[in-house]
Amino acid sequence: MRMNSDPRYRLLVFLSALFVLAGCAGDEPLSPVTTGTIQVESASEAPAASWVLTGPDSFRAVGEGAETFDNMALGTYTIAWDEVAGWMAAASVTRELTANAVLAFGDVFAPLGGGTVVINGEPNEPEVPWRLLGPKGLSLSGLGDVKLLDMVPGDYWVSWGPIDGWEAPAGYSQTLDADDLVTFDGVYIESPPHPALPFAGTEDQLMANFRAVYEDRNIVSFPALMHPDFVMLLRQSTIQEFPDVGPTLDFNEELRIADRMFSGEPVIDPDGALVQAVSGISFWIFERLGPWEDTPDSDPIPQTRSALYDVTVLFDRPGASTLKVEGMMKFYVAGRDSLHEGTEQVFYEMKGQLDLTGGPLKAVETVSFGSVKALFR
């Protein structure tokens with residue numbers, strides 16, 4: 001094959017090549033895809049469960065039920081599902097999101113059992129607060145009447161929360177058999193508000209008020225007993241049993257403890273352990289052993305009045321052993337001027353306690369007052 005030797009032909013070919021190259025240079029290159037889509041789906045018949053989705057670059061999202069995320073960075077994502085009452089929790093899942101892809105996470109919940117738990121509180125207005133504890137670490141709180149389906153067989157415990165102006169019923173437990181039904185009925189009794197405490201114009205009246213507040217579990221009047229600088233000196237055994245508490249309790253700690261102890265509900269301590277509810281407090285013995293005296297400067301709580309008391313106090317707990325506090329306690333009080341019924345009088349507040357009761361905390365033995373308080377810290 002002969003090439004055309006005409007110079008005009010070779011010039012035409014050269015110009016055509018330049019035109020083609022110029023056209024190619026003007027095209028924009030295709031950008032790589034760097035994102036994808038993530039879909040969270042509710043695949044099972046369980047109630048919509050809460051979940052936490054984590055991924056690259058410290059990505060974290062919290063949601064419930066189905067949700068879609070567009071334009072997500074490529075990389076590894078992990079989803080973890082919260083528990084749903086009556087259902088076996090879905091396992092956490094880790095997957096890779098690739099370019100221009102849709103990554104779907106679906107829950108895998110399985111029913112735990114075929115039983116039914118009904119919670120029926122009276123009155124219906126206001127709705128009564130309740131807490132349900134059950135097998136496999138079940139812990140639910142709610143308001144008003146509910147019917148829980150597909151519950152696993154086992155022992156369940158219901159406690160009833162406080163409502164102003166109403167006396168809450170005691171909590172109790174029942175056993176749910178397979179494919180059976182249990183009903184927890186709780187009837188509140190309307191009650192008048194706690195009467196105002198008598199004016200603490202003497203040390204003994206203050207101590208009578210202290211006893212009444214504990215036996216009535218009257219958290220409303222509790223702060224009126226206490227001096228702002230209140231301190232309780234704990235036994236060494238309590239300090240060893242509850243090292244996070246330290247050697248003393250101050251006013252704010254006392255108020256939190258009383259609130260939780262008087263509530264009539266189980267509580268969770270800082271270590272995550274369940275503490276059974278206190279349903280009643282009884283002072284069997286509460287007797288002063290000597291006169292009130294001025295406290296010397298060498299005392300741990302100076303500039304007060306103090307007296308030693310013989311005490312025996314029972315803390316009833318439904319479903320658990322009664323805690324018995326027995327021994328002696330030293331109480332410290334301080335007076336301040338106050339206007340009462342038009343005249344200036346001394347008003348006494350509790351400024352301190354020295355715990356000399358009981359011993360180390362054990363399930364069925366006498367315990368110290370400080371150890372009982374430490375349970376509700």
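- For the pair P162 and S263, the tightest heavy-atom approach, listed with the atom from each and the gap, is CD-O, 4.3 Å.
- Between S173 and D155 there is no side-chain heavy-atom pair separated by less than 4.5 Å.
- Looking at every heavy atom in both residues, L74 comes nearest to T35 through CD2-C, 3.6 Å.
- Neither V118 nor L143 shares a network with the other; the hydrophobic side chains, linked directly or stepwise wherever heavy atoms of I, L, V, M, F, W or Y lie under 4.5 Å apart, form separate groups for each.
- The same ILVMFWY cluster, assembled from side-chain heavy atoms under 4.5 Å apart, contains both V146 and V117.
- Counting only N and O atoms by type, the side chains of S371 and T238 include a donor and acceptor under 3.5 Å apart.
- When all heavy atoms of L314 and K324 are compared, the closest pair comes out as CD2-CG, 3.4 Å.
- For the atom pair CE of M72 and CG of L53, the computed distance is 6.0 Å after rounding to the nearest 0.5 Å.
- Using the six-membered ring where Trp is involved, F331 and F286 have ring planes that are perpendicular, over 60° apart on the 30 and 60° scheme.
- Test K373, K351, R260 against E254 for salt bridge (charged side-chain N to carboxylate O under 4.0 Å, His left out) and you get one pass: K373.
- Counting only heavy atoms from C-beta outward, the side chains of L375 and L323 approach each other to under 4.5 Å.
- Without hydrogens or angle criteria, D177 side chain to D180 main chain gives no donor-acceptor distance under 3.5 Å.
- Judged by distance alone, the side chain of R217 and the main-chain N or O of S279 form a donor-acceptor pair under 3.5 Å.
- Panel note: side chain D259, backbone I219; no donor-acceptor pair is recorded below 3.5 Å.
- With Q240 contributing its side chain and S237 its backbone, the two residues share no donor-acceptor pair below 3.5 Å.
- Distance check, rounded to the nearest 0.5 Å: CE of M350 to CE of M232 gives 10.0 Å.
- A salt bridge between D244 and R377 is present, with a side-chain N of the basic residue lying under 4.0 Å from a carboxylate O of the acidic one.
- Within the 4.5 Å cutoff, the side chain of E253 has no heavy atoms near those of the V245 side chain.
- For Y172 (side chain) and D185 (main-chain N/O), a donor-acceptor pair under 3.5 Å exists by modelled atom type.
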Take T357 and V313 through the test side-chain contact (heavy atoms from CB on, under 4.5 Å) and record every step on the way to the result. CA-CA 10 Å; T357 61; V313 187; over 6 Å; no
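- Side-chain atoms of N209 never come within 3.5 Å of backbone atoms of L197 as a donor-acceptor pair (strictly under, hydrogens ignored).
- Hydrophobic clustering (ILVMFWY, side-chain heavy atoms < 4.5 Å, transitive): F376 and I268 are in distinct clusters.
- Scanning both residues, Y77 and G55, for their nearest heavy atoms gives CD2-CA, 3.6 Å.
- As a member of the Ile/Leu/Val/Met/Phe/Trp/Tyr network built from side-chain separations under 4.5 Å, L289 groups with V231, L233, I301, L308, M328, Y332, L354, L356.
- Put simply, the side chain of R131 gets close to the backbone of P266: a donor and an acceptor are under 3.5 Å apart.
- When all heavy atoms are compared, the tightest approach of G264 to S159 is O-CB, 4.3 Å.
- Placement of W157 and V267 in two distinct hydrophobic clusters is found when ILVMFWY residues are connected by side-chain heavy-atom separations under 4.5 Å, directly or transitively.
- Taking every heavy atom of both residues into account, A178 and P153 meet most closely at CA-CG, 3.7 Å.
- Here the CG-CZ distance, from D145 to F184, works out to 14.0 Å after rounding to the nearest 0.5 Å.
- Residue R336 qualifies as enclosed at atom CZ: its count of foreign heavy atoms under 6.0 Å is above 12.
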Quick one, I163 with V128, criterion side-chain contact (heavy atoms from CB on, under 4.5 Å). Give me CA distance, side-chain angles, the key distance, then yes/no. CA-CA 7 Å; I163 302 177; V128 303; 3.9 Å; yes
Checking E64 against D82 for the side-chain contact (heavy atoms from CB on, under 4.5 Å) test, could you report, in this order, the C-alpha distance in whole Å, the side-chain angles of both residues, the deciding distance, and whether it holds? CA-CA 9 Å; E64 182 177 283; D82 285 346; over 6 Å; no
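- No donor-acceptor pair closer than 3.5 Å links the side chain of D271 to the backbone N or O of A273.
- Residue M151 is not grouped with residue L133 when hydrophobic side chains (ILVMFWY) are merged at heavy-atom distances under 4.5 angstrom, including chains of intermediate members.
- Taking the six-membered ring where tryptophan is involved, the planes of Y214 and F283 are perpendicular, since the angle between them exceeds 60° and thus also 30°.
- Atom-to-atom distance recorded for T202:OG1 and W292:CH2 is 9.5 Å, nearest 0.5 angstrom.
- For the pair L132/L148, a side-chain contact is recorded, criterion being any heavy-atom separation below 4.5 Å from C-beta on.
- One finds the OG atom of S141 at 7.5 Å from the CD atom of E265 (value rounded to the nearest 0.5 Å).
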Kindly indicate, with the supporting measurements, whether the criterion side-chain contact (heavy atoms from CB on, under 4.5 Å) is fulfilled by W51 and V40. CA-CA 9 Å; W51 43 261; V40 180; 3.6 Å; yes
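- Taking the side chain as every heavy atom from C-beta outward, K330 and D299 approach each other to under 4.5 Å.
- Remark: the backbone N or O of H340 is paired with a side-chain donor or acceptor of Q345 at under 3.5 angstrom.
- For the pair T295/E293, no side-chain contact is recorded, criterion being any heavy-atom separation below 4.5 Å from C-beta on.
- The closest side-chain heavy-atom distance from Q174 to L176 is not below 4.5 Å.
- Interatomic distance, F262 CZ to F222 CZ, rounded to the nearest 0.5 Å: 6.0 Å.
- Judged by distance alone, the side chain of W160 and the main-chain N or O of G171 form no donor-acceptor pair under 3.5 Å.
- Annotation for E215: atom CD counts as buried by contact number, over 12 foreign heavy atoms lying within 6.0 Å.
- In this structure, the side chains of V187 and P169 stay at 4.5 Å or more apart for every pair of heavy atoms.
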